[in-house]
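To start, the structure under review is shown below, and the notes come after it.
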Amino acid sequence: MRRTRVLEALHSAQATDAILVKGWVRTRRDAKGLSFLEINDGSCLKNLQVVVDAATPAAAALDTITTGAAVTIEGALVASPGKSQQWEVHAGALRLLGGADPDTYPLQKKRHTDEFLRTIAHLRPRTNKYGALFRIRSETAFAVHQFFRQRGFHHLHAPIITGSDCEGAGEMFRVTTLPFLPPAERPDVADDFFGKEANLTVSGQLEAELFACALGNVYTFGPTFRAENSNTPRHAAEFWMIEPEMAFADLEDDMDLGEDLVKSLVTHVLAECAADLELFARFVDPDLMANLRAVAEESYARMSYSEAIAILQRSGKSFQFPVAYGVDLQTEHERYLTEEYCKKPVMVHDYPREIKSFYMRLNGDGQTVAAMDLLVPRIGELIGGSQREERLEVLERRLDEFGLRPEAYWWYLDIRRFGAVPHAGFGLGFERFLMMVTGVTNIRDVIPFPRTPKHLEF
RNA sequence: UCCCCGGUAGCUCAGCAGGUAGAGCGGUUGGCUGUUAACCAAUUGGUCGCUGGUUCGAGUCCGGCCCGGGGAGCCA
């Protein structure tokens, strides 16, 4: 007999006298002559209630069935007289697949703290909250591909190991096969696997630019790595980024795409993950649904960096970091702009050239670059992007200003030599997006097995 | 990396002014009932993060270290 998933059983159109269900026991309630098992198989948030009559052969296995055990049930799907479910299964046969010793099984039916569940990350997807969360993560990843595919973008698999030490996006993880030795005895990098220094990528942007200047519109969606010793609820050493790059596009197009992407993803999750999302609205963030609808429907505010500075200066707020033209926006400034002033997502664009990266396109004023950040309430910076500098001479001058060696960028500069076109793109932190969508406040709780400083279990 | 807060039973915590540990939940056993985070009763359960010190005596006071959380920096 084919296994019926719990999701399918719960949405059955009619009763069936033969059904096969497999899953894990979430809880068991005994009555006189009857036992009620709640079965979950990960297909959805809800459990399937299985009724075991003490008079049937199925009851023989009951004394091995505890919370966490894996079981097989054959029986009949019938309308439930109970109030909490439409359907239930009357077990004809019940078999234990894998037991779970109740003395040592760490998940109780009561709620656990996120901090505790992090220490048992291999078991936390068996809880309602984390099951829901990782189903939403999966569905969102699908929605990312769907969004770009519908708009004619090609998916680029950017390299994970990179030989460029040049992106300036933060400390990198070294990749090597050389033995671990004291500095004096360390072999030359020429003898290393690649014959040169190799690192894990911090961004697929540069590679995406190369491909955008061939395939038109591309995007990468993959893991990135930062060896920063930053211990906050918003940073991880390994995280996933979505990085679209468009040829024949300017900053305006870039902001439009960013806004479309965020709206489209939120709309998708609202439609496809309603039941899972409801859990977060109920137990994690009561304002979640209203906030998500606003993010999906309202148009985002847009303002230049200089407008943002003026707004902050007029705010009458006393900030810990003083506001002045030329300083980068601090967390407190970003929060004021998006949470108090705009009360919705806001795109801040055209930043002073000194506080942004070398590859961002210099504006006509000679002072600002065509950069943009999307700030959202509670999360802060969700997207960072720019129109790229496509003019060879300007880019070479910028490299020089940043003290970077043009030889290391010969291939990046080549794209400006041969058929250069205006192009633009951005990076969206996938986990930050998931935090926004679920209301979860710690990045470690939206990553299956998070990697943070001093933390590499599982 | 810096600044705060914390580490006591499997989990969540209490332990007041130093006198060698408690509750709820969970687990177990029994009872009861088509049960719904079931209910009632009994019961089980601890190198009080590690390490030095002060003291007749340290979960409690002091130093160092480790780990966790929050905030900041950096960023996505």
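Labels below follow one simple rule: chain letters A, B, ... track the order of the sequence lines, proteins then strands, and each chain is numbered from 1. As a basis for the values below, the full set of heavy atoms in this structure was taken, side chains included, without hydrogen atoms, waters or symmetry mates.
Pairing for B:G19 goes to B:C56, judged as Watson-Crick or G-U wobble with the two contacts each under 3.5 Å. Nucleotide B:A72 forms a pair with B:U1, judged by Watson-Crick or G-U wobble geometry with both contacts under 3.5 Å. Pairing for B:G30 is with B:C40, a Watson-Crick or G-U wobble pair whose two hydrogen-bonding atom distances lie under 3.5 Å. In this entry B:G63 has B:U51 as its Watson-Crick or G-U wobble partner, both defining distances falling under 3.5 Å. A 3.5 Å limit on both hydrogen-bonding distances identifies no Watson-Crick or G-U partner for B:G46.
Residue A:Thr331 has a polar side-chain atom (N or O) positioned under 4.0 Å from OP1 or OP2 of B:G73. Distances shown here put every side-chain N or O of A:Ser35 at or beyond 4.0 Å from the OP1 or OP2 atom of B:G34. Taking only side-chain nitrogens and oxygens, A:Arg234 comes nearer than 4.0 Å to OP1 or OP2 of B:A72. Residue A:Thr113 has a polar side-chain atom (N or O) positioned under 4.0 Å from OP1 or OP2 of B:U12. Within the 4.0 Å cut-off from OP1 or OP2 of B:G70, at least one side-chain nitrogen or oxygen of A:Asn442 is found. In terms of phosphate contacts, A:Arg444 brings a side-chain nitrogen or oxygen within less than 4.0 Å of OP1 or OP2 of B:G69. In this structure, A:Arg432 does not reach the B:A76 phosphate: none of its side-chain N or O atoms is under 4.0 Å from OP1 or OP2.
Contact of the A:Ile311 side chain with the A:Leu337 side chain is registered, since non-hydrogen atoms from C-beta on lie closer than 4.5 Å. No side-chain heavy atom of A:Tyr300 sits less than 4.5 Å from a side-chain heavy atom of A:Val346.
The listed nucleotides are B:A72, B:A76, B:U35; the one nearest the side chain of A:Glu381 is B:A76. Distance from the side chain of A:His235 is smallest for B:C74 among the nucleotides B:C74, B:U36, B:U1. The listed nucleotides are B:G69, B:C11, B:A76; the one nearest the side chain of A:Arg118 is B:G69. Residue A:Phe36 places its side chain closer to B:U35 than to any other of B:U1, B:C74, B:U35.
A straight line from CD of A:Gln330 to P of B:C74 spans 5 Å, rounded to a whole angstrom. What separates CG of A:Asp101 from C1' of B:G10 is a distance of 11 Å, to the nearest Å. Rounded to whole angstrom, the span from the CD atom of A:Glu115 across to the P atom of B:G70 amounts to 7 Å. The nearest whole Å value for the distance from the NE2 atom in A:His112 to the C1' atom in B:A37 is 12 Å. Regarding A:Glu431, its CD atom lies at a distance of 19 Å from the P atom of B:C75, rounded to whole Å. In this structure, A:Arg29 places its CZ atom 14 Å from P of B:G34, rounding to the nearest Å. Note: CD (A:Gln85) to P (B:A37) measures 10 Å, nearest angstrom. For the pair A:Leu117 CG and B:G10 C1', the computed distance is 13 Å after rounding to whole Å.
A ring-centre distance under 6.0 Å is found for A:Tyr325 and A:Tyr305. Residues A:Phe221 and A:His155 place their aromatic rings such that the two centres sit no closer than 6.0 Å.
Note that A:Arg398 lies outside the cation-pi zone of A:Phe402, set by a 6.0 Å cut-off to the ring centre and a 45° limit from the axis. Within the cation-pi definition used here (under 6.0 Å to the ring centroid, within 45° of the axis), A:Lys317 does not qualify as a partner of A:Tyr341.
With respect to A:Glu431, the side chain to side chain donor-acceptor pair (under 3.5 Å) criterion is satisfied by exactly one of A:Arg444, A:Arg137, A:Arg234: A:Arg137.
Contacts of A:His90 with the nucleic acid, taken as non-hydrogen atoms under 4.0 Å apart, include base atoms. Within the 4.0 angstrom heavy-atom criterion, no nucleotide atom of any strand lies near A:Glu238. Using a 4.0 Å heavy-atom distance criterion, A:Leu382 is classed as a sugar-phosphate-only contact. Using a 4.0 Å heavy-atom distance criterion, A:Asp103 is classed as a sugar-phosphate-only contact. Backbone-only contact: A:Phe321 has heavy atoms under 4.0 Å from sugar-phosphate atoms and none from a base. A:Phe116 comes within 4.0 angstrom of sugar-phosphate atoms only, judged by non-hydrogen atoms across all strands, and of no base. No engagement by A:Thr104 is indicated, since no non-hydrogen atom pair under 4.0 Å with the nucleic acid exists. At the heavy-atom level, A:Gly82 lies under 4.0 Å from base atoms of the strands shown. Heavy atoms of A:Pro81 sit under 4.0 angstrom from at least one base atom. No contact: A:Gln320 has no heavy atom under 4.0 Å from any strand.
Nucleotides B:G10 and B:C2 are separated by 36 Å at their C1' atoms, to the nearest Å. For the P atom pair drawn from B:G15 and B:A23, the interatomic distance equals 15 Å after rounding to whole Å. B:A21 sits 32 Å from B:G69 when the P atoms are compared, rounded to a whole Å. Here, B:U1 and B:C75 have their C1' atoms 15 Å apart, quoted to the whole Å.
Side chain A:Gln108 to base B:G10: a donor-acceptor pair is found below 3.5 Å.
Residue ring and base: A:Phe430 does not count as stacked with B:A76 (centre distance below 5.5 Å and interplanar angle below 30° not both satisfied).
Enclosure of atom CZ in A:Arg174 by more than 12 non-hydrogen atoms of other residues, nucleotides or ligands within 6.0 angstrom is indicated.
A donor-acceptor contact shorter than 3.5 Å is absent between the side chain of A:Ser357 and the backbone of A:Tyr359.
Along RNA chain B, the nucleotide nearest to A:Asp328 and the one nearest to A:Thr66 differ in position, and the one closer to the 5' end is contacted by A:Thr66.
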